[in-house]
S.K.: 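Got a structure for you, questions after.
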Amino acid sequence: MRAQRFREIALPHLNAAYNLARWLTHNDQDAQDIVQEAYLRAFKFFDGFRGDDARAWLLAIVRNTAYTWLQQNRDHAAHVFYDEAFEDLNATESATLCDQPDSNPVAILTQIDDKHLLDQALIQLPVEFREILVLRELENLSYKEISQIACIPIGTVMSRLARGRKLLRACLEQMN
Amino acid sequence: MDCKQTLKLLTAYGDQELGLSEAEEIDQHLSACLACQNAFIIQSELRDAVKLHATYFQAPDGLEDRIKATLAVEQQLPAIQPKRPWRLSFWNWFNVGATSVSLIALICSAALYLATPSSDDLLAEEVVSSHVRSLMANHLADVASSDQHTVKPWFNGKLDFAPCVNDLTAQGFPLIGGRLDYIDQHAVAALVYRHHLHPINVYMWPAVDARQIAIHTLSIHGYHLAHWNEAGMIYWMISDLDTRELLALAHILQAQAQCAPS
């Protein structure tokens, strides 16, 4: 009964779960392991789920499982928390963005149609920007849902999206 | 709204996460500011590019089946797998805790029981106090007489029993007198003897049962005490005499009580 309800509620979001895990780990097998473990955890905690947004609830568990996995399996410490380093970059960027009327959107367009290049640029983003972009652009989640999944305030969701997009653009320009 | 504010909110504006009034302000600003328009276009292009072109990884075939299988196993062993050890250890620790508490309670009760003085000990303390008081207040005897025929009748009407009174001058224990005292919630007869200037108090009162108790001695605060039950009477004797001489008097009194039951 309980298991049946869990399957009906959680399994429709399998693709979302796998996509997030895959973007966090860059690896198919790891992503599968993480998703499988996350579903097991979700099943154990299913009684605590009060049932308004199953996808956000499940993705939060997938994200936690993935972060635990990342901490155990990869020395990614250098990747995770360099928000501050990008703070400076962004400060100068946003200050000058308005003064660059000749920054040409068309030039970027030629790159962003390239699927491979776009994936590469996204992969290069620090994980905390990447996950927000994936949740927003690929899952079409609202700021509120993202803030619940990533355990950050809505204002931070917005600022990370803004920075993430600027970083992505910088990456694409570098690749050019 | 100026460029700085606009750029700050541009992301949320593009994602349609802004309130209506803020969105309208940005609309107005964008229609007037080419640079911010440009920034907005770049941002929108990027958003659309990711939406359209970034890979959305579909869950591979077989993952769903594996998850279902795992869940089935988990469901079948809900009590045995991760929950059982927890419960087991919980009950184990609960039991350990309960046992410890019981054990501590038991030890405390035992300690309290052992530490609580027995009724005989309490009585002995009372006898000592009475003896010391009788010497302190110079109130050794209410009736001072070495004549047993004076002392014994004096107790008539004062006690509900007739104490056994004998002059033991011949045995070296001259009778000094008698007085009333109060011990163990009884009005008791106290006979006073003397042996080489050592005063001796002998307390007696009727026992609840006729049980015989042999003479035994104890010492408290340098005083020696002897206690026995004989012929339905309780006897307590106290003096600063040494135990050997005290025992001699005790034996005499015990023998006389047997001969002349009251």
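For the numbers below, each heavy atom of this structure counts, side chains included, while hydrogens, waters and symmetry mates do not. In what follows, chains carry the letters A, B, and so on, assigned in the order in which the sequence lines appear, proteins first and then strands, with residues in each chain numbered from 1. Keep in mind that what you see is a predicted model, and the values were worked out from it rather than measured.
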S.K.: Using non-hydrogen atoms and a 4.5 Å limit, figure out which bit of B:Glu17 sits close to chain A: side chain, backbone, both or neither.
M.R.: side chain
S.K.: Just give me the residue among A:Glu139, A:Arg136, A:Arg7, A:His116 that pairs up with chain B most often, heavy atom to heavy atom, under 4.5 Å.
M.R.: A:Arg136
S.K.: Heavy-atom pairs under 4.5 Å with chain B - which of A:Glu37, A:Lys144, A:Gln32 has more of them than the others?
M.R.: A:Gln32
S.K.: Check whether A:Arg165 gets within reach of chain B through its side chain, its backbone, both or neither, counting any heavy atom under 4.5 Å.
M.R.: both
S.K.: Check this for me: B:Gln16, atom CD, are more than 12 non-hydrogen atoms of other residues, nucleotides or ligands nearer than 6.0 Å?
M.R.: no
S.K.: How close do A:Asn15 and B:Ala59 get, heavy atom to heavy atom, and via which atoms?
M.R.: OD1-N, 2.8 Å
S.K.: So how far is it from B:Leu71 CG to A:Phe46 CZ, rounded to the nearest 0.5 Å?
M.R.: 10.5 Å
S.K.: Please classify the contact of A:Leu138 with chain B as side chain, backbone, both or neither, using a heavy-atom distance under 4.5 Å.
M.R.: both
S.K.: Kindly give the heavy-atom pair with the smallest separation between B:Thr11 and A:Ala162, and that separation in Å.
M.R.: OG1-CB, 3.1 Å
S.K.: Picking from A:Leu11, A:Ile154, A:Leu161, which has the most non-hydrogen pairs under 4.5 angstrom with chain B?
M.R.: A:Leu11
S.K.: Can you establish whether the number of heavy atoms outside B:Arg66 located under 6.0 Å from its atom CZ is more than 12?
M.R.: yes
S.K.: If I compare all heavy atoms of B:Ala54 with all of A:Leu122, which pair ends up nearest, and what's the gap?
M.R.: CB-CD2, 4.0 Å
S.K.: Can you tell me if B:Asp61 has over 12 outside heavy atoms packed within less than 6.0 Å of its CG?
M.R.: no
S.K.: With only heavy atoms counted, which part of A:Leu14 is less than 4.5 Å from chain B, the side chain, the backbone, both or neither?
M.R.: both
S.K.: Ignoring hydrogens, what is the shortest heavy-atom contact between B:Phe57 and A:Asn19? Give both atom names and the distance.
M.R.: N-OD1, 2.8 Å
S.K.: Quick one: what part of A:Ser142 sits under 4.5 Å from any heavy atom of chain B, side chain, backbone, both or neither?
M.R.: both
S.K.: Given the options A:Phe6, A:Tyr39, A:Tyr143, which has more heavy-atom pairs under 4.5 Å with chain B than any of the others?
M.R.: A:Tyr143
S.K.: Go through the atoms of B:Lys68 and report whether side chain, backbone, both or neither lie under 4.5 Å from a heavy atom of chain A.
M.R.: side chain
S.K.: Taking side chain as everything from C-beta outward and backbone as N, CA, C, O, which of these in B:Asp15 sits under 4.5 Å from a heavy atom of chain A? Side chain, backbone, both or neither.
M.R.: both
S.K.: Give, for atom CD of B:Gln43 and atom CG of A:Leu168, the distance between the pair rounded to the nearest 0.5 Å.
M.R.: 12.0 Å
S.K.: Side chain to side chain contact (heavy atoms under 4.5 Å, CB included) between A:Arg169 and B:Glu45: does it pass, once the steps are laid out?
M.R.: CA-CA 10 Å; A:Arg169 181 167 156 256; B:Glu45 299 274 12; over 6 Å; no
S.K.: Please indicate whether B:Gln185 has more than 12 foreign heavy atoms, meaning atoms of other residues, nucleotides or ligands, lying under 6.0 Å from its CD.
M.R.: no
S.K.: Would you call A:Lys166 and B:Leu46 a side-chain contact if the rule is heavy atoms closer than 4.5 Å?
M.R.: no
S.K.: Can you say whether A:Ala17 sits under 4.5 Å from chain B via the side chain, the backbone, both, or neither, judging by heavy atoms?
M.R.: neither
